[in-house]
Each structure stands twice: as structure tokens, then as C-alpha cells.
Amino acid sequence: MNILVVDDEEVLQDVLTALIRQEGHHPICCASGQEALTVLAQEEIDLVLLDLMLPDMNGKEVMRRIRLSEPDQVVVIITAYSSIEGAIEAMREGAFHYLPKPFKNEEVRLTIRQGLERRRLTAENRDLKEQLRERQGFDRIIGKSRSIRQVFDLIRRAAPSKSNILIRGESGTGKELVAKSIHGNSKRTDGPFVTVNSGSMPSELLESTLFGHVKGAFTGAVSHKKGLFEVADGGTIFFDEIGNIPPDTQSKLLRVIQEKEFMRLGGLETLRADVRLVAATNADLEARVADGEFREDLYYRLNVITIQLPPLSRRVEDIPLISQHFLRTYSTENEKQPRRLTSEAMDLLMAYHWPGNVRELENVVERAVVLSTGAEIGVDLLPGNIRRPDTTLPPPETLPTRGVSFKEAVSAYERQLIVKALQACGGVQKRAAERLKVKPTTLHEMMKRLRVTVESRAS
Ligand SMILES: Nc1ncnc2c1ncn2[C@@H]1O[C@H](COP(=O)(O)OP(=O)(O)OP(=O)(O)O)[C@@H](O)[C@H]1O
Ligand SMILES: [Mg+2]
């Protein structure tokens, strides 16, 4: 196993190196935080022994960065007795254990063994989960927020049924991905998955695409042609943006759903349709029904089970995971060494409101990976609209100066800072505290004093 020792004291490096070798592992030493992060990006490291006092960076900052890029990394903190508080805080932020200096050799050995055992268990656990997800076809939907887990749960329960499913969500939230996952989790998984982009096709063309046509059915129909309902036989047919389907076609679609039958254009033969229907929309279907643009009966037929995908800004905690996923994908695709986001860059990604949702995040990460020259992706590689500081917070000079006491004005400003941070972090106080660079307990006290409350977690 590779064990990284991050400490600038040579004596200590020697002691730890010897102990690691005695345990049968391979030590790698670094004397600074920056060096450690570089090694971590390039080598497969199984355990990190990290001193909190480093010449170039605070050890806690190093740990934070490690955990951002490798959430499963096992980090053991080394610290002097006098600064044990720092170690405890680091534990709260996810360090595995701490070793107060001076330590006994036996203590170090034991901690290393336990740390590596933890490493083995998490890896095993992750492998099992991956296998499970692969089997269920969830492998590509990334996320751990409560709202996305509810989506997983709904897919798991609804997919094996025969019911039609309507997927709703803003552009780029993953509707197509979910449709494929439904197919992958259904009993039809070995059958075809066929997508209908009903977008802007004129209704005749759309109908011949869906139902097929016989030779001579219309000008240009020079031969028989199978429609997508035939192609999808035994599988799933996915109607992307169902709200755009013209009224004539809506009636025919309704018939297929109700009777499980259809005819080719110009044909006389009635064909059976054994297909599962999944539809997606970003439109306000209810409004279209009210306006008479969308058939109400079709609406009810489609809407047996609804899966609502939350916008990315409502599941901020998924942003690091999804970013890492795309970092890996695009580093590999572009044949580059693995890339990492600096914590400043990650903070900006988490604060941005993502109107284009996951697709926009994917584009931003792809662009940054392509433009990057080193292992780290910093703020400079993010597009201007994300990099621009939030200007919604009034600059101090616009705050009232007359009729308000100094204390009140300061409180008002503090309050705004806290509310902004909480909003950016989806109401997660721990992250908001990190953003503001205060301890969670301090934030909690300030919130109490300033009467800031978090009504409900956004996810
Ligand atoms: N949770 C997720 N994890 C990983 N990738 C995702 C996730 N959600 C979406 N994506 C990716 O984001 C991109 C957009 O997703 P998708 O095409 O499914 O969105 P959509 O809702 O169909 O968008 P539109 O309404 O614009 O058609 C795809 O590349 C998809 O793989
Ligand atoms: Mg789509």
C-alpha cells in the first residue's frame, strides 16, 4: 500500500518512513501541502499522514482539498498536543484519526492498520454499490442529494411496472438519462429503446415516422416503411418533449395507448403495439390542456406516474460529485492527466444558479478540462458569468448611514452575508460555514443572534 507522509520535519519523516516500511508498505514523503496535492493527483495513495502545521499551507486546507477531489481518502492528522483543537476540528471535517506528537510507535502502527482497513472497506463497499448501480442502469445518473435519491427510488419502483411514465424537469436536468434508466431497470431491458424527437416535425412526417407507411401512401412514399412503434416492439418508446405533438397525432397516439393497436399510413392491416411509453416534457402541460392545445385524455393516460427532476440549483450538494464525474470523463476523453478543481473554483460552481442545469455544468467542466494545462483547474478557467462576483449584495456604501446605529448596520450586513451563504449552499449550515470560513458553531451562534433561520433544506 502507498502511504503519503506530509510533514516538513525531517526527523519525523524518517521515523514514520521506517514504521511504514516495517509494516510492509511503501512510504512517499512530501514537505509541503502543494507537493502533497500534486503527488495525490498523480499517484494511487491509500492513506495520508498529514501534519497540520505546514510551511506553505494550513494542513486543514490541504485536507479539505483532498476530500473534495477524493472523498474516500483516509487522512490521519499529525499534530502537537498544544494544537489538539485543530485536530478535533479536522476530525469533524472527515479526518479518520489523529496522532498527537510525540507518539508511540505502536500507536502509529495501529492507526495505519486501522486506516488501511477502513480504506479496504470503503473500496469494497463502493465496488458493490457500483455493481448494483450498473445492474440497475443508474451508473450514469450521479447524485446523492435527497431529491435525486427520491428519483432513484421512484425509478426503481416504477420501472418494472407496465405503466406509462411522464418525466418532467427543466432543460438539462437529465430527463433522457432517466428515460434510459427506466428502460434499463424494466423487464424490457433486452428489447429496443427508441427515442422520438417530436420537436418540429410536421404532423404527416411525424405520423409516418411513428406508425410507418405503405408504398404510395403519399407523394414520396416509394416503399413500405416500418414506424418507430414497430421498431420499438417489445421495448420502450421515449417521446422527448411530448408537449410539441400536434393535435391530430395526439389522437392517434391516444388510440395506440388505449387499444395497443395502430395502422401504417395508407395501410389496411391493424398492427399490435407491445411498447412501454415514456414521455418527457419541460412545458407546462396543464396550461396546454387548459388552452386546448393538448388533449386532456392523453394527458391523463401519460401521466400515470410522474418523475419530477429537480433543477441543479436545488441540489447544490450534488455539484461536487457531478463535476468530478465530468472531470474524469473529459480528462480521459482528451487524454489528459486527471484534473482537479481548486476549492475556489468549486465554491464558484456551487454558488452559481445553473439555468442550463447539468448540461451547462457538463459544458463548463469540459471547457475547463480542454483549456487546462496543469492538474489544477482554477477560477481563471471558468466562464465569466460564473466567475463574476455576486453583485446582488449591496456594497457597504449603499447601506443606510443615517437613522441607523452602527451596530444595527453591521448586523444587517452580517445577516445578508449569512443568508447569501446559506442560499448558495442549499441551506446546509456546515457548507455555509466553510464558505464564510467560520466554524459551524460560530455560524450557529451568529444565526441565533441575528435571528436567521433555515426554513427547510432545499433538497
Ligand atoms: N445526474 C446526472 N449525472 C450525470 N450526468 C447527468 C445527470 N443529469 C444529466 N446528466 C447529463 O447532462 C446532459 C443533459 O441531460 P439530458 O439530455 O438527459 O437532459 P434533458 O432533461 O433531456 O434536457 P433537455 O430538456 O434539454 O432535452 C447529458 O449529457 C446527461 O448525460
Ligand atoms: Mg432531452
Side-chain angles (χ1 to χ4, degrees), residues 1-116 118-119 337-347 373-379 434 437-439:
M1 295 282 186
N2 290 330
I3 300 184
L4 181 67
V5 178
V6 192
D7 202 312
D8 57 329
E9 273 177 70
E10 252 176 59
V11 187
L12 214 91
Q13 278 194 4
D14 291 344
V15 173
L16 290 172
T17 309
L19 280 169
I20 291 168
R21 289 223 173 87
Q22 280 168 23
E23 285 290 295
H25 303 300
H26 178 234
I28 300 170
C29 290
C30 288
S32 73
Q34 206 52 57
E35 204 187 323
L37 292 174
T38 312
V39 170
L40 276 160
Q42 285 158 6
E43 310 268 344
E44 183 72 32
I45 300 291
D46 301 291
L47 181 79
V48 183
L49 299 176
L50 173 69
D51 195 335
L52 279 188
M53 296 268 276
L54 293 170
D56 61 333
M57 278 163 94
N58 184 327
K60 264 191 305 192
E61 175 61 19
V62 178
M63 194 190 80
R64 230 186 108 211
R65 294 210 198 171
I66 296 176
R67 291 191 58 82
L68 264 180
S69 50
E70 296 177 64
D72 291 342
Q73 186 59 263
V74 182
V75 181
V76 173
I77 299 293
I78 304 172
T79 181
Y81 260 119
S82 54
S83 56
I84 214 110
E85 219 158 85
I88 292 171
E89 213 176 289
M91 295 275 298
R92 217 180 285 135
E93 286 174 28
F96 171 67
H97 211 331
Y98 68 90
L99 290 167
K101 284 188 280 195
F103 38 69
K104 298 197 185 72
N105 290 354
E106 204 38 51
E107 237 178 318
V108 180
R109 284 207 185 90
L110 191 64
T111 307
I112 289 178
R113 273 179 226 154
Q114 286 170 341
L116 289 174
R118 157 75 71 93
R119 169 76 167 184
Q337 290 294 316
R339 296 297 195 243
R340 212 159 1 92
L341 288 157
T342 63
S343 47
E344 292 77 17
M346 186 62 88
D347 281 349
T373 47
E376 289 229 311
I377 292 181
V379 168
E434 262 172 44
K437 302 200 168 57
V438 300
K439 291 186 199 161

- prompt: What pairs meet the salt bridge (charged side-chain N to carboxylate O under 4.0 Å, His left out) rule with one or both residues in residues 16-25, with sequence neighbours excluded?
  reply: Glu23-Arg109, Glu23-Arg113
Show the nearest heavy-atom pair for residues [X] and [Y], with the distance to one decimal.
| X | Y | value |
| --- | --- | --- |
| Thr111 | Leu99 | OG1-CD2, 3.5 Å |
| Met63 | Ala90 | CE-O, 3.4 Å |
| Leu52 | Ala87 | CD1-N, 3.7 Å |
| Ile84 | Pro100 | CD1-CB, 3.8 Å |
| Ile45 | Leu47 | CG2-O, 3.3 Å |

- request: Let me know which of Ile20, Ile28, Leu19 forms a side chain to side chain contact (heavy atoms under 4.5 Å, CB included) with Val5.
  value: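 The single option meeting the side chain to side chain contact (heavy atoms under 4.5 Å, CB included) with Val5 is Ile20.
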statement: In Leu49, Leu54, Val75, the residue satisfying side chain to side chain contact (heavy atoms under 4.5 Å, CB included) with Val6 is Leu54
query: Going by an N to O cut-off under 4.0 Å, is there a salt bridge joining Glu434 and Lys60?
result: no
[X] side chain near [Y] side chain, heavy-atom distance below 4.5 Å:
| X | Y | value |
| --- | --- | --- |
| Ile3 | Leu116 | yes |
| Glu376 | Arg65 | yes |
| Val39 | Leu4 | yes |

Using a 3.5 Å cut-off and no angle test, enumerate the donor-acceptor pairs between side-chain atoms of residues 29-38 and protein atoms at least two apart in sequence or in another chain.
{"unit_1": "Ser32", "atom_1": "OG", "unit_2": "Glu35", "atom_2": "N", "d": "3.2"}
{"unit_1": "Glu35", "atom_1": "OE1", "unit_2": "Ala31", "atom_2": "N", "d": "3.3"}
{"unit_1": "Thr38", "atom_1": "OG1", "unit_2": "Gln34", "atom_2": "O", "d": "2.8"}

Contacts of [X] that satisfy salt bridge (Lys or Arg N to Asp or Glu O under 4.0 Å) - sequence neighbours left out:
| X | answer |
| --- | --- |
| Arg118 | none |
| Asp72 | Arg126 |
| Arg339 | none |

What's the separation between atom [atom1] in [X] and atom [atom2] in [Y], rounded to the nearest 0.5 Å?
| X | Y | atom1 | atom2 | result |
| --- | --- | --- | --- | --- |
| Tyr98 | Leu50 | OH | CG | 15.5 Å |
| Asp46 | Gln73 | CG | CD | 7.5 Å |
| Glu61 | Ile66 | CD | CD1 | 10.5 Å |
| Phe96 | Gln114 | CZ | CD | 5.5 Å |
| Glu93 | Ile88 | CD | CD1 | 13.0 Å |
| Gln22 | Thr17 | CD | OG1 | 11.0 Å |

Output side-chain donor-acceptor pairs under 3.5 Å for residues 8-16, partner residues at least two apart or in another chain, one line each.
{"unit_1": "Glu9", "atom_1": "OE2", "unit_2": "Lys101", "atom_2": "NZ", "d": "3.2"}
{"unit_1": "Gln13", "atom_1": "NE2", "unit_2": "Asp7", "atom_2": "O", "d": "2.7"}

More than 12 heavy atoms from other groups under 6.0 Å of CE on Met91: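 Above 12, so yes.
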- prompt: Okay, side chain of Arg340, backbone of Ala41: is any donor-acceptor separation there less than 3.5 Å?
  reply: no
- request: For Glu107 and Lys104, indicate whether the former's side chain and the latter's backbone hold a donor-acceptor pair under 3.5 Å.
  value: yes
